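Notes follow once the structure below has been shown.
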Amino acid sequence: GQISVTGNIKKVLGDYANIGKGKSSIDLTTYSRTGTKNNDFNLQKLVINNGNYIYEQENVELELSFKTNASFKELVIGFSITDMLNIPLIECRSTSSIRNFTTTNQGDYTLKASFTPNLKAGSYNINVGARCSNGFLEYIPSITHFEILPSKNTIEEEEWQRTSAGLVIT
């Protein structure tokens, strides 16, 4: 790529370094689903409040919105984080906080989750899905990928002490 500067160099580089660090909102209505799909249940939007990257040991904050056109008993909403080989690393379900979640006929809902993933620096995928007492409702794999960057402490260490520096011969 190329950076052209027309103003304050510190501001330009700061803005460039913070690309993807704001709220990231993803419209799920355009994503294809895998498996069967219940037309009375629709995942609508995923918001990643951290943007497209976080640092190691930082919290991830997600908001998942969905719409129902019928009542569902024992509704379970969940997401998972997988590595780039699609190996599951973290799974989070609404049942850990909300027991016997039931919707009545028609409505719009938003669930929020905040957690520290405890994963090393790297690239990861987010997947979301839902089921109820009647079975599978919807699943969307690999909605987006996000980066976990080395902790700020690691970045400030000297180059030869960083774990990602590789082999240094002196």
Side-chain angles (χ1 to χ4, degrees), residues 1 15-152 164:
D15 291 348
Y16 181 78
N18 284 318
I19 291 173
K21 194 55 183 166
K23 226 181 222 193
S24 179
S25 181
I26 302 163
D27 179 6
L28 300 179
T29 60
T30 61
Y31 280 72
S32 59
R33 275 66 171 152
T34 60
T36 58
K37 166 81 175 89
N38 185 318
N39 292 325
D40 288 328
F41 181 90
N42 295 297
L43 291 167
Q44 299 286 303
K45 182 170 60 168
L46 175 68
V47 176
I48 306 170
N49 288 323
N50 308 75
N52 294 332
Y53 66 88
I54 63 167
Y55 291 97
E56 290 174 326
Q57 304 305 314
E58 277 188 347
N59 275 352
V60 173
E61 295 177 6
L62 303 176
E63 295 178 21
L64 184 59
S65 300
F66 60 95
K67 184 177 192 165
T68 62
N69 293 321
S71 61
F72 293 100
K73 293 183 180 179
E74 298 178 20
L75 182 62
V76 177
I77 309 293
F79 66 88
S80 65
I81 295 178
T82 57
D83 64 11
M84 297 312 279
L85 298 173
N86 211 26
I87 297 171
L89 302 172
I90 294 175
E91 214 172 79
C92 180
R93 297 184 190 122
S94 58
T95 53
S96 64
S97 304
I98 308 168
R99 299 271 183 220
N100 298 320
F101 181 44
T102 301
T103 64
T104 56
N105 292 336
Q106 196 171 1
D108 294 312
Y109 301 87
T110 300
L111 296 178
K112 296 179 182 183
S114 178
F115 64 98
T116 304
N118 245 355
L119 297 171
K120 293 292 182 189
S123 296
Y124 300 93
N125 288 317
I126 296 179
N127 318 284
V128 297
R131 69 166 180 78
C132 70
S133 59
N134 295 338
F136 181 76
L137 293 174
E138 191 168 11
Y139 178 67
I140 309 173
S142 301
I143 292 172
T144 188
H145 84 275
F146 71 99
E147 299 286 328
I148 296 181
L149 302 176
S151 71
K152 293 177 183 175
S164 63

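All values below come from the heavy atoms of this structure, side chains included, with hydrogens, waters and symmetry mates left out. What you are looking at is a predicted structure, and each value in this text was computed from that prediction instead of being measured.
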How far does CG of Leu28 sit from CD1 of Ile143, to the nearest 0.5 angstrom?
4.5 Å
Can you find a pair of side-chain heavy atoms, one from Thr82 and one from Asn127, that are under 4.5 Å apart?
yes
Starting from the C-alpha separation in whole Å, work towards a yes-or-no answer on side chain to side chain contact (heavy atoms under 4.5 Å, CB included) for Ile126 and Ile26.
CA-CA 12 Å; Ile126 296 179; Ile26 302 163; over 6 Å; no
Glu74 side chain near Cys132 side chain, heavy-atom distance below 4.5 Å:
no
Quick one: do the Asn118 and Glu56 side chains pair a donor with an acceptor below 3.5 Å?
no
Would you name the heavy atoms of Ser65 and Thr110 that are closest together and state the gap between them?
OG-OG1, 3.1 Å
I'd like to check Gln106 versus Asn69 (side-chain heavy atoms, cut-off strictly below 4.5 Å). Are they in contact?
yes
Donor-acceptor pair, Ser24 side chain versus Ile48 backbone, under 3.5 Å?
no
Got Asn134 and Asn38 here, is their nearest side-chain heavy-atom distance under 4.5 Å?
no
So OG1 of Thr144 and CG of Leu46: to nearest 0.5 Å the spacing works out to 8.0 Å
Look up atom CG in Asn59 and atom OG in Ser114, then write down how far apart they are to the nearest 0.5 Å.
4.0 Å
Should we say atom CZ of Arg33 is surrounded by more than 12 heavy atoms from elsewhere, each under 6.0 Å from it?
yes
How long is the straight-line distance from OG1 of Thr68 back to CG of Asp108, given to the nearest 0.5 Å?
7.5 Å
Reference residue Ile81; test side-chain contact (heavy atoms from CB on, under 4.5 Å); the match among Val60, Asn125, Leu119:
Leu119
For Lys37, does the NZ atom have more than 12 heavy-atom neighbours from other residues, nucleotides or ligands under 6.0 Å away?
yes
Identify the heavy atoms of Ile90 and Phe115 that sit nearest to each other, and give their distance.
CD1-CE1, 4.2 Å
Which atom names give the shortest non-hydrogen contact between Ala121 and Pro150, and what distance separates them?
CB-N, 3.7 Å
So, do Ile148 and Lys120 sit near enough that their side-chain heavy atoms are less than 4.5 Å apart?
no
Counting C-beta onward and ignoring hydrogens, is there a side-chain heavy-atom pair between Asn49 and Lys112 closer than 4.5 Å?
no
In this structure, CG of Asn50 is separated from CG of Leu62 (nearest 0.5 Å) by 7.5 Å
Which pair of heavy atoms, one from Leu43 and one from Glu138, lies closest together, and at what distance?
N-OE1, 3.0 Å
Within the 4.5 Å heavy-atom criterion, are Phe79 and Leu64 side-chain neighbours or not?
no
Would you call the rings of Phe41 and Phe72 parallel, tilted or perpendicular if under 30° counts as parallel and over 60° as perpendicular?
perpendicular
Identify the heavy atoms of Ala70 and Thr103 that sit nearest to each other, and give their distance.
O-OG1, 3.5 Å
How long is the span from the CD1 atom in Ile87 to the OG atom in Ser80, to the nearest 0.5 Å?
12.5 Å
Taking C-beta and beyond as the side chain, do Leu75 and Phe66 meet within less than 4.5 Å on heavy atoms?
yes
